[in-house]
Structure formats: C-alpha cells, structure tokens
Amino acid sequence: MANDASTVFDLVILGGGSGGYAAALRASQLGLDVALIEKNKLGGTCLHNGCIPTKALLHAGEIADQAREAAQFGVKATFEGIDIAGVQKYKDEVISGLYKGLQGLVASRKVTYIEGEGRLSSPTSVDVNGQRIQGRHILLATGSVPKSLPGLNIDGNRIISSDHALVLDRVPESAIVLGGGVIGVEFASAWKSFGSDITVVEGLKHLVPVEDENSSKLLERAFRKRGIKFNLGTFFDKAEYTENGVRVTLADGKTFEAEVLLVAVGRGPVSQGLGYEEQGVAMDRGYVLVDEYMQTNVPTISAVGDLVPTLQLAHVGFAEGILVAERLAGLKAVPIDYDGVPRVTYCHPEVASVGITEAKAKEIYGADKVVALKYNLAGNGKSKILKTAGEIKLVQVKDGAVVGVHMVGDRMGEQVGEAQLIYNWEALPAEVAQLIHAHPTQNEALGEAHLALAGKPLHSHD
C-alpha cells in the first residue's frame, strides 16, 4: 500500500453524500485541509437515488393530476397519459444540474476529491486506489442502502427496491408497496398519479407510523379518497411469483397480487467490510455509535448521516457534518435537538411536522399538562383556492411553549420552516399570534392556529 507520509490531511472523509460533503465544505471554509473519498457519485443517495429524484417524480405526478382535474378550475385540458421516458429525462436533468453545481462547489473550496472505494485502515487513515490517505481525524459517512426482509429476494424486476423504482422504464399497471413509511407512501402517491393501481401493506397500525396519529389518520383518509388501497396492522409473511407478477401473503393468510412489489421497509447502514470493527469502532446492528458531538469511541474518528442511528434525513446529515467540521476547527459545537428537525413526507397530500407528538408530550409532561388544537384548512383561503384538505395541529405544554406542530395538506412542507422556529425558539402561542401573516397564504393557517391557541381565534370557531 503506497503511503505519501508527507501529506497528512486535517480531515479525511469516507463518503461523499449529504453528511460527508457538508463536512468537507464547512471544514475547508474554516481553513482545514480536507480529503473527500467517494466510490460512486458526489452527492450520494439524496441527490442520485433519494430526495431529489423522488420529488421530481412526485412533481410530475402532481402535473398529471392537475391535467386530469383542470375542469374543476374552469380550464379545458386533456390528459393523454404518462411519457415515462420524458419523466425520466426531466428527473435526470434536475439531478445533472445539481450534480454539476456540487462538483464545482467542492472544487472551488479546494477539497481534495478522490474517486474510489475506501476502507478504514487505521484510526488515522483510509486506503483507496492502492494508496493510504492519512488524516489527523477521520469522518465516516458511508450512508445507507435499501433494506429487505428475511427470505424476500429483491430481483430488480418484479420485486424491486426504491433504487429500481426510480429508473423503471414503465408505469406498472399495479403495484404492492411493502411499507407505509416515508418511502412507501411517496412512491404510492407518485405511481397513483401516474395511473397505477396501488396497495400499501404496513405491519403497524397506521401509515407514516412515526408521525402524530392525527396526521396518519388524515393521510389515510386522503389516500382512500384518491383510491390508494392499504392494509394495516398485519405483517408480511411471504412473496412468490405468479404468471405475470407477484403474490404477497400476510401473516393472517390474506393475499394481494400485482405486477410489481416495491420493498420499502427502510434503509440500512453501509458499514460491512469497511474496516470499522477491525479498528475498534463501536457498532450496533451495523450502525456506528456516536455521542452527541458525533464522536465515536475512537478519539480520532467521527461518524454522521445514515450510518449513525439518528433521523435518516439529508438535512440531518448536513447538520451533523457541519457540527463535526466546526468541532474540529475549534468552534463551540452545539448538539442537535433531533426533535427540532423538520420532517416532511412529500406525498399528496404532504405531511410535515416538527417537535413531538401529542402522545409523546403526554408521556413526558403528563396528560393534564398538554393542550392540543386542530385548525382545519377549510378555513384557509389559499387552501380553498388550491382545493386541498387537511389540518394543522399544535401541541402545547399548558400555559407554556408549543412543543409540536403537525401539518397535513398540499404544500405543507413549505410551511415547516416557520414551524421549526416556533418549536426551536420555544415560542408561546401568544407570541406567534402577534406576528402578522400574509393573506391569502397557506402560511396564514399557521398564524390562525396560534391565534386560536392563544384564545383569540379569527377565522375559526371557539
């Protein structure tokens, strides 16, 4: 293994996804000498196989729905179907533009970018392309891949992962989506818009089960209205090929058949065979364990992103990478409050939240100390114009701060920015109620909900 001992980087990063490249950009900005190693493409899962391409597909689906429904707005339009090659071209152009921009950004910050499959070879080095790259500190950011279930073989044809679904050259006539979390409901939503017959199978009792139960129920109601079928509360047993597709059998014996089965049961960390355990890095079920400053048990090694057991969100990776860079540069690092991270599921309608659920608040503070208020979007002018239904639910500690904001409705992801400020700055309802929100906007609904919680409702009943 060649080793140029004269070059010792301040930081060597293994993985160029959201967490890795954010750390590289910030560390370089702070004057550190950085090497960034990536085996595939800079930008990782989010840019190439996750956030960006899925949202492009969802937007194409939104356009299809608008064409179908144009008449209700007095617009004459015809919907002639989905040109999947055109959709893929649009999606790929979005990715390509962002990819080129990111490559330019990394080059402009003078980050040493190394393309190749790296492996941790010591607490201060990574081996890649026959060379040993030395660093005073190592950051592990190798991300995640789609998971499956025992005995369920993903073949890339009839039984597929989200990676396969993103490059599918056809719109499936029918699909079973195994998993009702974020990935599952987003694909279910997009494919339904494209014209597929969809059934979601979720073993837990609600869709998007980590969200507030009220949000889950609102999404389920909306999916029923859209004709998206789902089966809740019974776990998967087996899948087998039929003459033209797949048959899924649940633990209670119930069966479903479709052209394809999308396995959307979450993502698992990429950590096997990369030298982590050999170098003494503490791990659990494939995840690298870290403290609140993203430090592993090995002093010279940190880890961020999907590799660690925190929220699997690109913006969490950004924040964790920045935290590590600033800590290494000697700045005061502030641990992340993961409850204060905005979460958005981009199905139709969208589900957005920040803070804790009503159930969690009652568990922490006691049921008699928690106040919950629901504001129906039917009272919001812009939501009426858009013909979207849903609610904003606020969870408050009695006579105290708002500790949870849970929103369901089209474009609610765009409202979560103010919601995270309300949670993270521990705002009182009366303080938010004093702020003037533009009319008519959907953002106004957030203000109206706080007016109501402060005891002075305007466009809603007491």
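In what follows, residues are counted from 1 in the order of the sequence shown. None of these values were measured; they are calculated from a predicted model.
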Side-chain ([X]) to main-chain ([Y]) donor-acceptor, under 3.5 angstrom:
X: Asp33; Y: Val8; result: no
X: Gln279; Y: Ser121; result: yes
X: Glu320; Y: Gly305; result: yes
X: His315; Y: Pro342; result: yes
X: Arg411; Y: Gly409; result: no
X: Glu292; Y: Pro335; result: no
X: Ser28; Y: Ala24; result: no
X: Gln295; Y: Ile301; result: yes
X: Ser96; Y: Glu93; result: no

Hey, does [Y] have a side-chain heavy atom less than 4.5 Å from the side chain of [X]?
X: Pro309; Y: Leu289; answer: yes
X: Val408; Y: His406; answer: no
X: Val405; Y: Tyr423; answer: no
X: Tyr90; Y: His59; answer: yes
X: Asn380; Y: Glu444; answer: yes
X: Leu446; Y: Ile422; answer: yes
X: Leu307; Y: Ser271; answer: yes
X: Ile95; Y: Leu47; answer: yes

Distance, nearest 0.5 Å, that separates [atom1] of [X] from [atom2] of [Y]:
X: Phe187; Y: Leu166; atom1: CZ; atom2: CG; answer: 4.0 Å
X: Glu220; Y: Leu232; atom1: CD; atom2: CG; answer: 5.0 Å
X: Ser383; Y: Met412; atom1: OG; atom2: CE; answer: 5.0 Å
X: Leu25; Y: Leu30; atom1: CG; atom2: CG; answer: 11.0 Å
X: His164; Y: Leu262; atom1: NE2; atom2: CG; answer: 10.5 Å
X: Met407; Y: Asp212; atom1: CE; atom2: CG; answer: 12.5 Å

Go through the side-chain N and O atoms of [X] and [Y] and say whether any donor and acceptor fall under 3.5 Å apart.
X: Arg267; Y: Ser144; answer: yes
X: Lys91; Y: Gln88; answer: yes
X: Glu62; Y: His348; answer: no
X: Thr142; Y: Tyr276; answer: yes

Applying side-chain hydrogen bond (donor to acceptor under 3.5 Å, both in side chains), run through Glu391 and Asn214 and close with a yes or a no.
CA-CA 9 Å; Glu391 285 180 357; Asn214 186 65; 3.0 Å; yes
By the definition side chain to side chain donor-acceptor pair (under 3.5 Å), identify the one residue from His450, Glu418, Gln442, Glu448 that meets it with His437.
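Answer after filtering His450, Glu418, Gln442, Glu448: Glu418.
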Could you go through the salt bridge (charged side-chain N to carboxylate O under 4.0 Å, His left out) check for Glu363 and Lys360 one step at a time?
CA-CA 5 Å; Glu363 183 183 313; Lys360 186 68 174 177; 3.5 Å; yes
Are more than 12 heavy atoms, taken from residues, nucleotides or ligands other than Arg221, located less than 6.0 Å from that residue's CZ atom?
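Not more than 12 within 6.0 Å, no.
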